[in-house]
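Convention: sequence-line order gives letters A, B, ...; per-chain numbering from 1.
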Amino acid sequence: MSDHSILSAKLAALTARDAVFVGQARVISDAGQPAALAAILAEIDATVLERLLVFDIDGVILRLAVSARRLRGLLDVNGACDALTGNVLSTEDPAMLQATGTLLTDLCNNAQRITVKTEAAVPFGNPAELGVSASVLTALWHKGQVLTPRSSLQGFLAAQDDLLSDYLCIIDGRIVDSQGDITALNLIWRDQLTPFRTAQKSAFPRRTGPILICLDAALGNGRAAGVAMTGDEIGIFSCSAPNISRLLAEWHRFTG
Amino acid sequence: MVTETLDILHDQFPGCQTLAFADLSTQMVLVTNSGTTDSRETLDALCAEAALAFGTASIPALGTCATHTIFVSTADQLHIYLRDTKEPGDALCCICRHDIALDRFVIAARSCLEQISHGL
């Protein structure tokens, strides 16, 4: 064990109130208290920096890549890899999420003692893939909620959270998702988009397929506005003007 | 003179297909780069889309403020429209490929438009 991990363990021991340690591992669930899966999810929720969490569930060693209160994925179970390990989890892949939840639930079933050790992060997947937040996992795995599949455009908008500050997603004329301050975006949706699209179609009547329009200063103060359309789905968003080129590249990848 | 200026910009960027200097108030393309193969119909549509998207100074087409650069990305092309900041009737309409060096191109295209509009 490196000096770094010893120091981490000591710091964890100092900061954890009423924590019980077995060696350098902290007990997070004992005799089913608190519930095993809830205890694991609470550890993910408490992990802000990128870390490797090593859980010992009655002798089964589970290693999870965790960062920013999100589970990025499973590294291995008892040192073995299978179809569920090595993948960055995403709400875009509900089947993988559900299967991972089932595995954890099975491991936690009747577990008598669970301990956790926090270790330095190891390379795992693409760093840009963030994983799934503990709150979403709690809703899915602990409260039994069903993940509603996102529309493709909704997924695109949500995935650009480093580029887009506010957005609206509209499907079949109904707002299905929104983020941030949508006051100005609502104006575009309610009053401006239909006449704009009608006139644009008359200029290019043979144009079909997905389209993205970005206007560099349409919202003032260096804020750009944009409209993304594919099929019956419309996204209206704001972003910082310097982000437009990256956004266009992402859109081309998405629709290409 | 204007054609030469457009040709210089065009030749700097392999991903640039067509450049058209237009008057938005009359929605007319005034001059293009010399090598363009786009039809008059396409150029007119390009100019019409630019005029539509920019709107007027008091009534923007989309949003709440006047804008000076607009990007329209379709499956096979990227249209870029630049409006002069001092002469809002002057616009440069560009048809590009998606792989164009976008940030560099926009800076160069803005400079080209100013050169044409103001003789800089």
Side-chain angles (χ1 to χ4, degrees), chain A residues 166 183-230 234 236-239 241-256, chain B residues 15 22 24 27 29 38-57 59-83 85 88 91 93-107 109-110:
Chain A
D166 318 297
T183 310
L185 308 183
N186 250 327
L187 169 78
I188 294 174
W189 164 236
R190 205 180 52 238
D191 298 340
Q192 297 177 326
L193 188 58
T194 299
F196 176 83
R197 282 295 288 158
T198 303
Q200 191 183 34
K201 281 178 181 171
S202 75
F204 286 96
R206 288 191 293 275
R207 182 190 273 166
T208 58
I211 185 167
L212 175 67
I213 304 156
C214 294
L215 303 91
D216 72 337
L219 299 178
N221 297 320
R223 304 298 299 163
V227 178
M229 287 171 281
T230 173
I234 299 171
I236 303 173
F237 58 82
S238 70
C239 69
N243 284 340
I244 289 177
S245 57
R246 277 180 60 203
L247 188 64
L248 286 164
E250 293 293 338
W251 175 257
H252 186 55
R253 267 193 288 276
F254 170 65
T255 58
Chain B
L24 294 178
Q27 293 195 27
V29 169
D38 286 301
S39 65
R40 169 53 61 178
E41 182 190 26
T42 298
L43 295 172
D44 286 345
L46 199 64
C47 186
E49 185 172 55
L52 168 70
F54 281 121
T56 65
I59 309 174
L62 296 172
T64 53
C65 299
T67 199
H68 295 100
T69 310
I70 294 172
F71 305 84
V72 179
S73 173
T74 60
D76 51 356
Q77 290 178 331
L78 177 61
H79 292 185
I80 304 170
Y81 304 112
L82 298 98
R83 179 165 63 176
T85 51
C93 307
C94 320
I95 301 176
C96 301
R97 293 200 313 256
H98 287 286
D99 61 356
I100 195 164
L102 189 58
D103 290 331
R104 279 200 309 116
F105 176 77
V106 170
I107 292 170
R110 174 67 60 194

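Of all non-hydrogen atoms in B:Leu24 and B:Cys47, the two that sit nearest each other are CD2-O, 4.3 Å. B:Cys96 approaches B:Ile80 most closely through the heavy-atom pair SG-CD1, 3.9 Å. Residues B:Leu46 and A:Phe204 approach most closely at N-CZ, 3.8 Å, considering heavy atoms. Heavy-atom minimum distance, B:Gly55 versus B:Arg83: O-NH1, 3.7 Å. Between B:Ala22 and B:Cys93, the shortest heavy-atom distance links the atoms CB-SG, 4.2 Å.
Most heavy-atom pairs under 4.5 Å with chain B: of the set A:Ala224, A:Ser245, A:Pro210, A:Ala218, this distinction falls to A:Ala218. Between chain B and the options A:Thr208, A:Leu248, A:Leu193, A:Thr255, the largest number of non-hydrogen pairs under 4.5 Å is found for A:Leu248. The candidate with the highest count of non-hydrogen atom pairs below 4.5 Å against chain B, out of A:Gln192, A:Arg223, A:Gln200, is A:Gln192. Annotation: maximal heavy-atom pairing with chain A below 4.5 Å, among B:Ser73, B:Ala75, B:Ala45, occurs at B:Ser73. Taking chain A as the reference chain and counting heavy-atom pairs below 4.5 Å, the highest number among B:Thr64, B:Leu62, B:Thr42 is found for B:Leu62.
Of the atoms belonging to B:Leu102, it is side-chain heavy atoms, and not backbone ones, that fall under 4.5 Å from chain A. For A:Leu185, no part lies under 4.5 angstrom from a heavy atom of chain B. In this structure, chain B has a heavy atom under 4.5 Å from the side chain of A:Arg207, while its backbone stays farther away. Of the two parts of A:Ala199, the backbone and the side chain both hold a non-hydrogen atom closer than 4.5 Å to a non-hydrogen atom of chain B. With a threshold of 4.5 angstrom between heavy atoms, B:Ala66 approaches chain A through N, CA, C or O but not through any side-chain atom. Of the two parts of A:Leu219, the backbone and the side chain both hold a non-hydrogen atom closer than 4.5 Å to a non-hydrogen atom of chain B. With a 4.5 Å cut-off on non-hydrogen atoms, A:Ile188 touches chain B through its side chain but not through its backbone. Of the two parts of A:Arg206, only the side chain, counted from C-beta on, holds a non-hydrogen atom closer than 4.5 Å to a non-hydrogen atom of chain B.
Side-chain contact of B:Arg110 with B:Thr85: a donor-acceptor pair under 3.5 Å is absent, judged by distance alone.
To the nearest 0.5 angstrom, A:Asp216 atom CG is 8.5 Å from B:Leu82 atom CG.
A tilted orientation is assigned to the rings of A:Phe254 and A:Trp251, their planes being inclined by 30° to 60°.
Remark: side-chain polar atoms of B:His68 are not paired, donor with acceptor, to backbone N or O of B:Phe54 under 3.5 angstrom.
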